[in-house]
Student: 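I have a structure I would like to understand better, so I am pasting it below and will then ask my questions one at a time.
A note on names: the letters A, B, ... follow the listed sequences, proteins ahead of strands, and every chain is numbered from 1. Because the structure is a prediction, the values reported are computed rather than measured. Every heavy atom of this structure was used, including side-chain atoms; hydrogens, water molecules and symmetry mates were not.
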Amino acid sequence: NAGVTQTPKFRVLKTGQSMTLLCAQDMNHEYMYWYRQDPGMGLRLIHYSVGEGTTAKGEVPDGYNVSRLKKQNFLLGLESAAPSQTSVYFCASTSGQGASEQYFGPGTRLTVT
Amino acid sequence: AQRVTQPEKLLSVFKGAPVELKCNYSYSGSPELFWYVQYSRQRLQLLLRHISRESIKGFTADLNKGETSFHLKKPFAQEEDSAMYYCALRVGGGATNKLIFGTGTLLAVQP
């Protein structure tokens, strides 16, 4: 099992450009999450999904959109990137209601210039 | 308000010294707390959870509801313990399994 994978690993964008980050998990997990990690801020939840076709806002959703068309994939989109979105993005998943441990991907380092 | 506080950004100790990473929380419900660890160039991984009352890699953490704390302790630090440690609080119950993370403490164990 690959676990949770993220594509790409690194990306540099110019202000105003758009991009999509892909998260994939092969553990048949129901719940998936997108976080951003910033120095001194810890991890903050951007959006999450409790099942295929469902999404919900987290703590810092502005400027991001997500989609969960397939159970194994959770996409994070930036429609018009801003320098404030420079961060490391982590995806995580967990099996469902009875489970509590989240399994994390390796992260995507995004720089917006 | 739901909040996790880790007051120390950096904790530097010598090998063999005791370690205590502080975590305090604010939550109106019954808390479920975790410690996650991120070693250099690796992904976050669960270290331990309070409901298991387990010891992992020599680390333990006890939930103190009176002091709303969940401090992480190890009696003798090793160099391989150097990493970023995050305390996390589960909110929303099983319906969402959301976690609120603290800002993290970087543990540096000197030889």
Student: Are more than 12 heavy atoms, taken from residues, nucleotides or ligands other than B:Glu79, located less than 6.0 Å from that residue's CD atom?
Tutor: yes

Student: Side-chain heavy atoms under 4.5 angstrom apart, residues restricted to Ile, Leu, Val, Met, Phe, Trp, Tyr: same cluster for B:Leu21 and B:Leu89?
Tutor: yes

Student: I'd like to know if B:Trp35 and B:Val109 are part of one continuous hydrophobic network [Ile/Leu/Val/Met/Phe/Trp/Tyr, side-chain heavy atoms within less than 4.5 Å].
Tutor: yes

Student: Counting only non-hydrogen atoms closer than 4.5 Å, does B:Leu99 touch chain A with its backbone (N, CA, C, O), its side chain (CB onward), both, or neither?
Tutor: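 Looking at B:Leu99, backbone and side chain both touch chain A.
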
Student: If you count heavy-atom pairs within less than 4.5 Å of chain B, which of A:Gly105, A:Ala56, A:Ser49 leads?
Tutor: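 Heavy-atom pair counts peak at A:Gly105.
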
Student: B:Glu32 versus chain A, heavy atoms under 4.5 Å apart: side chain, backbone, both or neither?
Tutor: side chain

Student: Are A:Gln37 and B:Tyr86 close enough that a side-chain donor and a side-chain acceptor fall under 3.5 Å?
Tutor: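 A pair is found: one side chain offers a donor N or O, the other an acceptor, under 3.5 Å apart.
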
Student: For A:Phe90 versus B:Gln38, what's the shortest heavy-atom pair and its separation?
Tutor: CZ-NE2, 3.4 Å

Student: Starting from the C-alpha separation in whole Å, work towards a yes-or-no answer on side chain to side chain contact (heavy atoms under 4.5 Å, CB included) for A:Glu59 and B:Phe101.
Tutor: CA-CA 11 Å; A:Glu59 183 185 357; B:Phe101 285 86; over 6 Å; no

Student: Is there side-chain contact between B:Leu44 and A:Leu43, with at least one heavy-atom pair below 4.5 Å?
Tutor: yes

Student: B:Gln42 versus chain A, heavy atoms under 4.5 Å apart: side chain, backbone, both or neither?
Tutor: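 Answer is neither: B:Gln42 stays 4.5 Å or more from chain A.
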
Student: Would you find more than 12 non-hydrogen atoms of other residues, nucleotides or ligands less than 6.0 Å from A:Lys71 atom NZ?
Tutor: yes

Student: Got a sec: does the CZ of B:Phe76 have more than 12 other heavy atoms crowding it under 6.0 Å?
Tutor: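 Check fails, neighbour count at 12 or below.
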
Student: Can you tell me if B:Glu80 has over 12 outside heavy atoms packed within less than 6.0 Å of its CD?
Tutor: yes

Student: In Å and rounded to the nearest 0.5 Å, what is the NE2 to CG distance from A:His29 to B:Asn97?
Tutor: 10.5 Å

Student: Apply side chain to side chain contact (heavy atoms under 4.5 Å, CB included) to B:Lys98 and A:Tyr48, showing your working.
Tutor: CA-CA 8 Å; B:Lys98 288 193 296 182; A:Tyr48 65 99; 3.5 Å; yes

Student: Find the distance between CZ (B:Arg90) and CD (A:Glu101) and round it off to the nearest 0.5 Å.
Tutor: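 Result: 12.0 Å between the selected atoms.
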
Student: Flag yes if A:Val66 and A:Leu22 sit in one hydrophobic cluster, no otherwise; membership is Ile, Leu, Val, Met, Phe, Trp, Tyr, and two members link when side-chain heavy atoms are under 4.5 Å apart.
Tutor: no

Student: Could you tell me the separation between the CG atom of B:Leu46 and the OG1 atom of A:Thr94, rounded to the nearest 0.5 Å?
Tutor: 10.0 Å

Student: Could you see if A:Tyr33 belongs to whatever hydrophobic cluster contains A:Tyr64? Use Ile, Leu, Val, Met, Phe, Trp, Tyr and a side-chain cutoff under 4.5 Å.
Tutor: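 No, A:Tyr33 and A:Tyr64 fall in different hydrophobic clusters.
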
Student: By a 4.5 Å heavy-atom criterion (distance strictly below it), what part of A:Tyr103 contacts chain B: side chain, backbone, both, or neither?
Tutor: neither

Student: Would a hydrophobic clustering, with Ile, Leu, Val, Met, Phe, Trp and Tyr connected at side-chain separations under 4.5 Å, put B:Val19 with B:Met84?
Tutor: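 B:Val19 and B:Met84: separate clusters.
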
Student: Counting heavy-atom pairs closer than 4.5 Å to chain A, which one of B:Lys9, B:Arg49, B:Gln45 comes out on top?
Tutor: B:Arg49

